[in-house]
Amino acid sequence: MKITFWLLDLNYEKKADQPEIRLWGISSSGERILIIDRNLPSYFYAVVNEDTEPTKLLEEIRNGDFPSVKKVEVVERKFFGKPVKAVKVYCGDPDVIAEYAKELRKFEGVKDCFEDDIRHAMRYLIDNNIQPCGWHEVEATETTDSPNIKVDKLYLAKATPKLVEKTETPKLRVLGFSTIYYSQEGSPKPERNPIVIISTATNCGDQEQFSADEDRKDKHVLEDFIDYVQQFDPDIIVGYSVNGQHWQYLQERCKESGLHLFVDRGQTEPRTSVYSHTSLTGRVNLDLADYVEEFQEIKVKTLENFADFLGVMKIENRTIIEDIDIAGYWNDKAKRETLKKFSLDNTCCIMGITEAVLGFAIQLSNLVGLPLDHVGTAAAGFRVEWFLIKKTHRIGELVPKRIDQPYRPYAGGLVLKPIPGLHDNIAALDFKSMYPNLMITYNLSPDTYVSPTESMPAGGVYETPEVGHKFRKEPPGFYKEVLTYLIKVRSEIRAKMKKLSPTSPEYRVLDSRQKAIKVITNATYGYAGWTGARWYVKPVAEAAAAYGRHTIQSAVQMAEKEELKVVYGDTDSIFLENDKQKVEKLEKDIMDKLKLEIAPDKVYTRIFFTEAKKRYAGLLQDGRLDIVGLEVVRGDWAGIAKTVQEKVLEIILKEQSQKKALEYVQQVIRELRQEHVPYSDLIIWKTLTKKAEEYEVNASHVEAAKMLKAKGWEMSVGDKIGYVIVTGTGRLYERVKPYVLATYDNVDLEYYVTKQIIPAAARILESFGITEEQLLAAKPNPKETKTLTDFFGSR
DNA sequence: GCGTTCAATGTACCT
DNA sequence: ACAGGTACATTGAACGCG
């Protein structure tokens, strides 16, 4: 019979020496199904030396000690665009591929072996053009032989599934969960600390909480949770930091209690798989922590901040319980309910965020070709790479091995010096997807690069300015094809967005989706220059950057010829006088001459630059401030300094009153000294980028991390450390305390005056002749001065 | 011995 | 574990100075 299904997950398995691919899906009638396909591609390539007769090699392989080889054939392939002859070696058993390839590399006449490093499930997807999160049709027979398989129907494929055009997503069952562990002091450790609460919620509206009330052991909590998961039978299980953290914790606790953490559809426990994600057979394990990275605006990437940013659950409307306080809340019967509420709220955050990002994750998975549970954990470079592998397979380009390449830097984008001070009516023009379009226009690609030792191709070459790299004009490289496709998809999404209100949730999702596509599109340039890339070709990236510099320089010259004053520019943008007619003419001229689209990205009623590049603030036409690079948008400045700088910018840009700005700063300083500034506005956050012992110089956040560690809190690379500066003597790093261990009385308020508020304010006001001394000096009688409320009104 | 200078270190940002 | 370009704070050794 013919089955139409949407591919949720897949895995490779070998049952009784029979290798098979298991396709977990949802049928068009809504059944959860498993399709077993025993017909899977299984081969690798041995590329033959130029002076070797490939047929000779065929014989040697046939006569060699390779019992699993089913077939060998000579094929024509390409490697970095150059034709090569290879022997394609088919193996009955996929698991021998790596070993056989290793053997064959030692054979005389074999230059190298390829594609022995492609995982079997990915091989299956690529060769059969099967897409995760996509619909397919398959001829299959139903079987009943399903030990331990939890599906509505089980099928054996009679043929290879075929992709069908159908864009909608089936109704998926989603279960979110979050946990609370009990630890008297320090980070909870599974070998000693129990789980006290597991909160779940589903997209069918059910909420459940399993807790260790009345001295119930966490064994029962886990049992109830496992039963509940199996009963609800979700397609997707979602959590926050579940990969490498919570799943492992639950699993350890299960082991401790003699339980099996069977929450999948195949009676197996969670396993750690590629890109260190946790895999659940037949279900998608989704970790929202992988998606928070897409949101640059979120500085401290907690679940609470993620939900707050998306508007799922505002922080001001809830009680946040810090890790350090959890045990206290649990111990106190009166506060325990608050802890439970906190836990349930976290799960609600998870469900809300899922609603906002799942559609995006599904699209990304489908676009890149990585299964939904891998695509989030895969770094940008790997997402690009899988997308490329799908495309190159179709054009006979062999997938290069990943090899260690020496790092050699090259020149990047050009940044213009800003004209400091205030400017009125400035347009910021952007080249649209500049690097990708340059790569398309000049056919920059790993398979079109012509090295200096090579002869001139028949169709001629593009020669790069400054660096002089050469690229064949014909035929088109695979970057050109890939980038053209990505740009097309993005423009379709943007067209859809135009029909929506910018405040609608759908708009926000589409916006982050198109941003992500943009990131991936732009990442193709970065990918080309990444030493870890399979198709690492430095000249491709270097050429794109050189064309980019050439482009922006030309644009500036053309603008100046139009007598448009350019006040700033960075890589692919120029900021200039917004003379409508002249700007429109310039856009057209640039299009004609440079063959690249440039368009106004933003128009500033007024914009402010310091002497520094990459830092400015502008007043947009709708009255909003657009602040770039300055302390306001940095995560490593105290909230109070950021607030002050933002208000100063607002006063300067909107009212142009230096006096009012000065008075405002002085007023905040007074309020701070009277301890009227909330403690949370004094916390400074910095990332621990390596292990504490590995730092060469003493640093504040490292000291804070060490103090937490001494109290039993595990500190790992990538953690954001929140600290305050406390009173005392000596170096700054000697006056640091983690914010959870300090109190307001310890805080050195003068540090916040002289090293936070004043520098942040002076950054702006020094342009107007106001010095740090002036900001600090002048202590008028409080009775004569305005209060903060006078400046901005009361809420 | 103590303040000043300056390269190095470290982090976060921009496109 | 996508690139290079940039700003800025702090550290700590070198330097200057009786």
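Only a predicted model underlies this, so the values are computations on that prediction, with no experimental measurement involved.
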Revision key, fill the gap. Checking C/dA1, C/dT6, C/dA9 against the side chain of A/R763 (C-beta onward), the nearest is C/dA9
Review point. Is there a side-chain contact between A/H701 and A/Y695, using heavy atoms and a 4.5 Å cut-off?
Key: yes
Exercise for review: Determine the contact category for A/R731: base if any of its heavy atoms lies under 4.0 Å from a base atom, sugar-phosphate if only primed atoms, P, OP1 or OP2 are that close, otherwise nothing.
Suggested key: base
Check your understanding: Under 4.0 angstrom, heavy atoms only, what part of the nucleic acid is A/Y407 near: base, sugar-phosphate, or nothing?
Key -> sugar-phosphate
Exercise for review: Name the nucleic acid region contacted by A/Y435, choosing base, sugar-phosphate or nothing; use a 4.0 angstrom heavy-atom cut-off, strictly under.
Suggested key: nothing
**Study point:** Nucleotide nearest A/K613 (side chain, heavy atoms from C-beta), chosen from C/dG5, C/dA3, C/dT6
**Key:** C/dT6
Check your understanding: Does any N or O in the side chain of A/Y752 come within less than 3.5 Å of the main-chain N or O of A/L682, such that one atom is a donor and the other an acceptor?
Key -> yes
Check your understanding: A/G526 near the nucleic acid: base, sugar-phosphate alone, or nothing, with a heavy-atom cut-off under 4.0 Å?
Key -> base
N/O contacts under 3.5 Å, protein versus nucleotides 7-14 of chain B?
{"unit_1": "B/dT9", "atom_1": "OP1", "unit_2": "A/E696", "atom_2": "OE1", "d": "3.2"}
{"unit_1": "B/dG10", "atom_1": "OP1", "unit_2": "A/E696", "atom_2": "N", "d": "2.8"}
{"unit_1": "B/dG10", "atom_1": "OP2", "unit_2": "A/K690", "atom_2": "NZ", "d": "3.0"}
{"unit_1": "B/dT11", "atom_1": "OP1", "unit_2": "A/T687", "atom_2": "O", "d": "3.3"}
{"unit_1": "B/dT11", "atom_1": "OP1", "unit_2": "A/T689", "atom_2": "OG1", "d": "3.4"}
{"unit_1": "B/dT11", "atom_1": "OP1", "unit_2": "A/Y695", "atom_2": "OH", "d": "2.6"}
{"unit_1": "B/dT11", "atom_1": "OP1", "unit_2": "A/H701", "atom_2": "NE2", "d": "2.6"}
{"unit_1": "B/dT11", "atom_1": "OP2", "unit_2": "A/T689", "atom_2": "OG1", "d": "2.2"}
{"unit_1": "B/dA12", "atom_1": "OP1", "unit_2": "A/T687", "atom_2": "N", "d": "2.9"}
{"unit_1": "B/dA12", "atom_1": "OP1", "unit_2": "A/T687", "atom_2": "OG1", "d": "2.8"}
{"unit_1": "B/dA12", "atom_1": "OP1", "unit_2": "A/K720", "atom_2": "NZ", "d": "3.3"}
{"unit_1": "B/dA12", "atom_1": "OP2", "unit_2": "A/T687", "atom_2": "OG1", "d": "3.0"}
{"unit_1": "B/dA12", "atom_1": "O4'", "unit_2": "A/R634", "atom_2": "NH2", "d": "2.9"}
{"unit_1": "B/dC13", "atom_1": "OP1", "unit_2": "A/K299", "atom_2": "NZ", "d": "2.9"}
{"unit_1": "B/dC13", "atom_1": "OP1", "unit_2": "A/V633", "atom_2": "O", "d": "3.1"}
{"unit_1": "B/dC13", "atom_1": "OP1", "unit_2": "A/G635", "atom_2": "N", "d": "2.7"}
{"unit_1": "B/dC14", "atom_1": "OP1", "unit_2": "A/G629", "atom_2": "N", "d": "2.7"}
{"unit_1": "B/dC14", "atom_1": "O2", "unit_2": "A/K614", "atom_2": "NZ", "d": "3.0"}

Review point. Which part of the nucleic acid, if any, lies within reach of A/G413 when heavy atoms closer than 4.0 Å are counted: base, sugar-phosphate only, or nothing?
Key: sugar-phosphate
Practice item. Identify whether any heavy atom of A/F575 sits under 4.0 Å from a base atom; if not, whether one sits that close to sugar-phosphate; answer base, sugar-phosphate or nothing. Key: nothing
Point to revise | Integer-rounded Å distance: C/dG4 C1' and A/R408 CZ | key: 15 Å
Review point. Side chain of A/S573, backbone of A/G569: donor and acceptor closer than 3.5 Å?
Key: no
Practice item. Mind calculating the distance between CE (A/M434) and C1' (C/dG4) to the nearest angstrom? Key: 12 Å
